[in-house]
Amino acid sequence: MDYYLGAALGGLIAFGYSITAIVFELMERRKSAVVSPVITVKTIFGYNLKKEEAFWVGLLLHIVIGTLFGFAYVLFVDRGWLFVTNHPYQFDSFVVFGLLSWIFVNVTIYPLLRMGFFGRREGTHIWMETLISHLLLGVTMAGLVQWFQPVFFMAA
């Protein structure tokens with residue numbers, strides 16, 4: 001049950017941070033000054049996406065990574081793999097996990113999707129956007145877990 005809760009929290013947080021991007025996309029005001037954590041994926045698996053498709057694929061990728069973040073965090077806690085902090089469900093643990101998940105996504109997932117290491121093929125500042133996104137995900141999840149603190153998140 002805690003895996004579902006972790007995955008749901010991660011996906012909801014990712015979706016919550018992308019709401020402004022969705023609103024501006026639907027209003028077709030893409031040149032607005034609002035910056036969102038959703039990257040525009042121009043190519044995936046070597047296929048060039050149309051402008052309309054690029055945002056929605058990026059949004060899907062953003063939510064999937066957020067969901068996997070929450071699921072993987074609970075997995076790491078259950079298995080005792082939090083080797084850096086050894087403090088499950090604490091703020092520092094989420095921040096370190098956010099940083100390590102950022103490295104993992106940029107070194108494995110993006111190259112598998114043929115976006116290049118650290119998303120270089122998508123833009124020069126993608127690495128920074130994804131770093132902020134992962135750290136926001138970790139910090140927000142830490143805050144929600146501390147605020148919500150269901151039985152599933154009680155430290156063992």
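Note: hydrogens, waters and symmetry copies are ignored here, and every other heavy atom, side chains too, is used. These numbers come from a predicted model, not from an experiment.
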Taking the side chain as every heavy atom from C-beta outward, state whether W81 and L75 have any atom pair closer than 4.5 Å.
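W81 vs L75: side chains touch.
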Got L61 and Y110 here, is their nearest side-chain heavy-atom distance under 4.5 Å?
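The answer is yes, as the side chains (C-beta and beyond) meet within the 4.5 Å cut-off.
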Check [X] against [Y] and note the closest heavy-atom contact, atom names and distance.
| X | Y | result |
| --- | --- | --- |
| G66 | A14 | CA-CB, 4.0 Å |
| V105 | H134 | CG2-CE1, 3.8 Å |
| P88 | V77 | CB-CG1, 3.7 Å |
| V74 | G6 | CG2-CA, 3.9 Å |
| F69 | G138 | CZ-CA, 3.8 Å |

Do F94 and L99 pass the side-chain contact (heavy atoms from CB on, under 4.5 Å) test, and can you show the C-alpha distance, the side-chain angles, and the key distance before you say yes or no?
CA-CA 9 Å; F94 279 106; L99 183 62; over 6 Å; no
Checking F104 against I109 for the side-chain contact (heavy atoms from CB on, under 4.5 Å) test, could you report, in this order, the C-alpha distance in whole Å, the side-chain angles of both residues, the deciding distance, and whether it holds?
CA-CA 7 Å; F104 176 77; I109 304 296; 4.1 Å; yes
Indicate, with yes or no, if Y17 and V139 share a hydrophobic cluster defined by side-chain heavy-atom contacts under 4.5 Å among Ile, Leu, Val, Met, Phe, Trp and Tyr.
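Looking at the clustering, Y17 is in the same group as V139.
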Passing option when F71 is tested against F97, F76, Y3 for ring pair (Phe, Tyr, Trp, His ring centres under 6.0 Å)
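Exactly one candidate clears the test, Y3.
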Donor-acceptor under 3.5 Å ([X] side chain, [Y] main chain):
| X | Y | result |
| --- | --- | --- |
| H62 | S18 | no |
| W102 | S133 | no |
| T130 | W127 | yes |

T67, I65, L60 screened by side-chain contact (heavy atoms from CB on, under 4.5 Å) with I63, the one that passes:
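One option only clears the test, and that one is T67.
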